Amino acid sequence: MRTLLLLLLSLPAFAGETVFDNEYVRVTRDAAPCAAAGPGCADRVIVALGDVELASAGTRRALTRGDIAVFGPGQSYEPPDAGSFFEVSIKENHPPALSPGETIPPEKNAIRHDGKDFFVFEENSNPAIRAPGTATASASSSR
């Protein structure tokens, strides 16, 4: 359960559409079906694709493109009224995910969330410069 892939890339989609769905996560664009923290919704990550504002626990939080907000099971929030975003909802009772014995922090990248079951990082690399032994740049996070 320690390895979960969170898509943090701009998947083409229409507002309110599910853009990715598998046994582990469901990603929706400009819709937040798990905002109320109901059955089937565990951890959720809101990824801002532009300027958005979230409300949770009586406070409001402004996000800009690339910012994230993480909500645990049982935490609810009001989805943004305007602006574009992804809701990445980690599914309850997903199959176990295999994890490496050691987690190596991503070089030159910023950790945006470091939780018990997953982490999210922001890739800060120049696509023209690759580290030795790498074939492609990655825009995902896993643990």
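No experiment lies behind these values; they were computed from the predicted model shown.
Lys91 approaches Glu23 most closely through the heavy-atom pair CD-O, 3.8 Å. Considering every non-hydrogen atom in both Phe85 and Pro79, the closest pair reads CZ-CB, 4.5 Å. The shortest non-hydrogen separation linking Ser84 to Val52 is O-CG1, 3.6 Å.
Rounding to the nearest 0.5 Å places CG of Asp43 at 10.0 Å from CD of Glu92. Expressed to the nearest 0.5 Å, how far CD1 of Ile111 lies from CZ of Phe121 amounts to 7.5 Å. If you take CG on Leu54 and CZ on Arg60, they are separated by 8.5 Å, rounding to the nearest 0.5 Å. How far CZ of Arg29 is from OG1 of Thr18: 13.0 Å, rounded to the nearest 0.5 Å.
Formation of a donor-acceptor pair under 3.5 Å by the Ser89 side chain with backbone atoms of Val27 is not found in this model. In this structure, the side chain of Glu87 does not engage the main chain of Arg44 through any donor-acceptor pair within 3.5 Å.
In this structure the side chain of Gln75 never reaches within 4.5 angstrom of the side chain of Ser56, judged on heavy atoms.
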Checklist entry - Does the pair Val70 and Phe118 meet the rule for a side-chain contact (heavy atoms from CB on, under 4.5 Å), with working shown? => result CA-CA 11 Å; Val70 178; Phe118 67 96; 4.1 Å; yes
Next on the checklist: Using side-chain contact (heavy atoms from CB on, under 4.5 Å), reason through Arg61 and Tyr77 one step at a time and then give a plain yes or no.
Outcome noted: CA-CA 11 Å; Arg61 180 176 171 195; Tyr77 57 92; over 6 Å; no
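If you chain together hydrophobic residues whose side chains sit under 4.5 Å apart, Leu49 and Phe71 never meet in one group.
Looking at Ile46, Asp30, Ile68, Val19 one by one, the single match for side-chain contact (heavy atoms from CB on, under 4.5 Å) with Phe86 turns out to be Val19.
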